[in-house]
Amino acid sequence: MDLVNSLEGRLLFAVPKKGRLLQAALNLLEGADIQFKRENRLDIALVKNLPIALVFLPAADIPTFVGEGRVDLGITGYDQVQEHDAGVRAIARARRMSNEWSPKDEKPRGCDTILDLGFGSCKLQIQVPAKGEYQTGKDLIGKNIGTSFVHLASEYFARLELEQEGIKVDSTASYAGRKLRTKIIELSGSVEAACALGVADGIVDLVGMLLFSPMFILPLTNPSKESGETMKAAGLKAIETVVETSAILIKSKAPSNPAMVDLIAARINGVITAQKYVLCQYNVPRTQLVDATKITPGKRAPTVTSLEEDGWVAVSAMVEKKRIAPVMDDLTKVGATDILVLDIHNTRGS
Ligand SMILES: Nc1ncnc2c1ncn2[C@@H]1O[C@H](COP(=O)(O)OP(=O)(O)OP(=O)(O)O)[C@@H](O)[C@H]1O
Ligand SMILES: O=P(O)(O)OC[C@H]1O[C@H](OP(=O)(O)OP(=O)(O)O)[C@H](O)[C@@H]1O
């Protein structure tokens with residue numbers, strides 16, 4: 001199949017090709033009725049029922065393809081987008097310093113976040129040997145730092161160094177021409193081993209959070225791993241957080257088909273909402289209705305209908321799945337009966 005030509009007229013949608021984010025991303029696509037068949041060893045799949053082509057890419061590369069190329073939509077980690085944007089800032093700073101800058105360099109680059117997808121939560125943290133001497137990020141100024149997130153780590157330590165010199169900076173401050181005293185060492189994997197192997201005094205690396213998303217009955221991270229398991233196993237401890245992250249839906253600043261981007265975003269938002277909420281239905285004496293609807297105010301408002309029994313009403317309201325147990329307890333206390341909890345398969349516009 002001549003894939004490149006078959007992409008004409010299709011919205012390009014980047015999906016993580018493997019790793020922790022893949023399965024949850026595929027679940028979202030299924031919930032949004034994006035039908036495709038991924039051929040073995042092929043990283044492009046044509047969607048059967050919409051003018052879309054899925055492109056399977058490393059999560060770390062998706063911000064580049066969406067922010068700098070022709071890809072319109074993408075699912076990746078917020079940390080990856082932040083690292084990409086920090087890299088764009090570093091290039092822009094270097095160009096301005098060497099007078100290579102020109103107005104065309106300032107074309108809209110990077111990507112816009114559409115939605116937090118509610119899975120893949122973790123933290124990018126500064127980690128040091130648990131029994132070592134370092135207690136704060138400032139203790140590591142001038143030392144060796146191993147990381148896969150070189151741009152975020154460089155900006156973080158530039159801010160620490162400037163603050164130590166009494167220069168107050170904010171996240172948008174320019175570090176133009178600043179030569180870091182701290183040595184940032186780029187590592188592509190197994191970053192947690194860097195301290196033990198004498199390569200680094202500290203690292204900047206991800207620490208998983210063992211979260212149970214409504215989408216899954218299994219933990220989001222590797223079920224055999226606790227949150228921070230890698231860090232603990234490597235004898236490290238986290239001392240500061242650089243970025244808190246989760247999976248996000250991003251879009252190009254100039255998408256080829258904005259209407260289709262909005263449609264896909266609405267469908268994915270519907271799937272996420274349906275997974276986050278349940279529908280709670282119950283009967284309650286009209287005299288208790290005010291107290292009951294304070295417990296179940298709904299996402300917009302509860303639906304109240306009269307029962308074929310004087311003095312009683314039926315209420316239906318969306319309740320966050322993670323709150324439903326105490327909500328049912330409280331409804332019982334105010335005299336609600338026949339309390340039902342229904343899963344929501346999908347939703348739109350809520
Ligand atoms: N515990 C975690 N460790 C690393 N990344 C995580 C974790 N939990 C969620 N993520 C998200 O997954 C992204 C990494 O996905 P990616 O596919 O690049 O690597 P991976 O999931 O670690 O798989 P692999 O390293 O085997 O390729 C991170 O940028 C982050 O947004
Ligand atoms: O807190 P945890 O859930 O234990 O996960 C965190 C670890 O996972 C990632 O590495 P990964 O396992 O992807 O292997 P890598 O070092 O080759 O990237 C990340 O770089 C951390 O080292």
Side-chain angles (χ1 to χ4, degrees), residues 14-29 38 43 54-67 71 74-87 110-111 113-130 145-153 156 184-197 199-200 202-213 215-216 218-250:
V15 176
K17 67 184 293 184
K18 60 175 179 57
R20 288 172 177 77
L21 301 181
L22 172 61
Q23 191 51 54
L26 294 178
N27 291 352
L28 270 184
L29 298 181
R38 187 178 176 188
D43 288 337
L54 298 178
V55 190
F56 292 88
L57 299 167
D61 294 344
I62 289 176
T64 302
F65 281 86
V66 174
V71 177
I75 291 174
T76 189
Y78 175 71
D79 54 310
Q80 300 293 355
V81 174
Q82 290 304 299
E83 175 64 5
H84 168 265
D85 291 356
C111 26
T113 298
I114 303 176
L115 279 176
D116 183 322
L117 300 177
F119 62 85
S121 296
C122 64
K123 294 179 180 176
L124 183 64
Q125 295 188 301
I126 300 181
Q127 302 167 41
V128 294
I145 304 298
T147 186
S148 305
F149 294 82
V150 292
H151 298 303
L152 284 174
Y156 193 89
I184 305 299
I185 301 164
E186 183 167 12
L187 301 169
S188 61
S190 302
V191 178
E192 69 280 2
C195 296
L197 298 179
V199 167
I203 65 171
V204 174
D205 196 17
L206 292 167
V207 179
M209 292 165 69
L210 190 62
L211 284 183
F212 287 79
S213 154
M215 273 183 195
F216 297 89
L218 287 177
L220 279 174
T221 55
N222 177 336
S224 63
K225 275 186 172 184
E226 282 298 321
S227 161
E229 190 64 23
T230 301
M231 175 175 68
K232 285 176 231 158
L236 301 174
K237 67 178 179 182
I239 54 173
E240 288 179 18
T241 297
V242 176
V243 168
E244 298 203 19
T245 180
S246 62
I248 54 176
L249 179 67
I250 57 175

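Predicted model, so just to flag it, every value in this text is computed and none were measured. Note that ligands are numbered from 1 as they come in the structure, with each ligand's atoms numbered from 1 the same way.
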Problem - Criterion side-chain contact (heavy atoms from CB on, under 4.5 Å) against Ile250, the qualifying member of Thr76, Leu115, Ile114 - result: Thr76
Practice task
Verify, without hydrogens or angle tests, whether Thr241 (side chain) and Gln125 (backbone) share a donor-acceptor contact under 3.5 angstrom.
Solution key: no
Exercise for the section: Report, in ascending order of atom number, the atoms of ligand 1 lying under 4.0 Å from any heavy atom of Gly77. Expected result: 31 (O)
Problem - Shortest non-hydrogen separation from Ala86 to His151 and the atoms involved - result: CB-CB, 3.5 Å
Practice task
May I ask which of Leu21, Thr76, Asp79, Val243 has a heavy atom nearer to atom 29 (O) of ligand 1 than the others do?
Solution key: Asp79
Completion exercise
Taken to the nearest 0.5 Å, the spacing of Met231 CE from Leu236 CG works out to 7.5 Å
Exercise for the section: Could you tell me if any non-hydrogen atom of Met209 lies under 4.0 Å from any atom of ligand 2? Expected result: no
Practice task
With the side chain counted from C-beta on, respond yes when Val81 and Ile248 share a heavy-atom pair under 4.5 Å apart, and no when they do not.
Solution key: yes
Problem - Part of Arg20 with heavy atoms under 4.0 Å of ligand 1, whether side chain, backbone, both or neither - result: both
Practice task
Report the part of Lys18 (side chain from C-beta onward, or backbone N, CA, C, O) that has a heavy atom under 4.0 Å from ligand 1; answer both or neither where that applies.
Solution key: both
Practice task
State, yes or no, whether a side-chain contact exists between Phe149 and Leu124 at a heavy-atom distance under 4.5 Å.
Solution key: yes
Practice task
With the side chain counted from C-beta on, respond yes when Ile184 and Thr147 share a heavy-atom pair under 4.5 Å apart, and no when they do not.
Solution key: yes
Completion exercise
Of Thr245, Leu206, Leu22, the residue with the heavy atom nearest atom 5 (N) of ligand 1 is Leu206
Handout entry: Test item: Lys123 and Leu206 side chains (from C-beta on) under 4.5 Å apart, heavy atoms
Key = no
Problem - ligand 1 to Tyr78 polar contact by distance, N or O atoms, under 3.5 Å - result: no
Practice task
Would you check whether Gly120 reaches within less than 4.0 Å of ligand 1, judged by its heavy atoms?
Solution key: yes
Handout entry: ligand 2 atoms in contact with Glu192 (distance to a heavy atom under 4.0 Å)
Key = 16 (O), 22 (O)
Practice task
Check Met231 against ligand 2 and report side chain, backbone, both or neither, counting heavy atoms closer than 4.0 Å.
Solution key: neither
Handout entry: Test side-chain contact (heavy atoms from CB on, under 4.5 Å) applied to Phe65 and Leu57, step by step
Key = CA-CA 9 Å; Phe65 281 86; Leu57 299 167; 3.6 Å; yes
Exercise for the section: Answer side chain, backbone, both or neither: which part of Asp205 comes under 4.0 Å from ligand 2, heavy atoms only. Expected result: side chain
Exercise for the section: Pull out every atom of ligand 2 sitting under 4.0 Å from any heavy atom of Val207, numbered as shown with elements. Expected result: 1 (O)
Completion exercise
If we number the atoms of ligand 2 from 1 as shown, the ones under 4.0 Å from a heavy atom of Thr230 are 2 (P), 4 (O), 5 (O), 6 (C), 7 (C), 22 (O)
Problem - Candidate pair Gln127 and Ile239, rule side-chain contact (heavy atoms from CB on, under 4.5 Å), full reasoning - result: CA-CA 6 Å; Gln127 302 167 41; Ile239 54 173; over 6 Å; no
Exercise for the section: For Cys122, take its heavy atoms, then give the atoms of ligand 1 lying under 4.0 Å from any of them. Expected result: 6 (C), 7 (C), 8 (N), 9 (C), 10 (N), 30 (C)
Practice task
Please indicate whether any nitrogen or oxygen in Gly228 is less than 3.5 Å from any nitrogen or oxygen in ligand 2.
Solution key: yes
Fill in the blank from the handout: For Gly208, the atoms of ligand 1 under 4.0 Å from one of its heavy atoms are 1 (N)
Problem - Numbering as shown, the atoms of ligand 1 that approach Gly19 to under 4.0 Å (heavy-atom distance) - result: 17 (O), 21 (O), 23 (O)
Problem - Per-atom contacts of ligand 2 with Ser190, taking only distances under 4.0 Å to non-hydrogen atoms - result: 15 (P), 16 (O), 17 (O)
Fill in the blank from the handout: The reported gap from CZ in Phe119 to CG in Leu28 (rounded to nearest 0.5 angstrom) is 5.0 Å
Fill in the blank from the handout: Here the atoms of ligand 2 under 4.0 Å from any heavy atom belonging to Gly208 are 1 (O), 2 (P), 3 (O)
Exercise for the section: Quick one: list whatever passes salt bridge (charged side-chain N to carboxylate O under 4.0 Å, His left out) with Asp43, sequence neighbours left out. Expected result: Lys17, Arg38
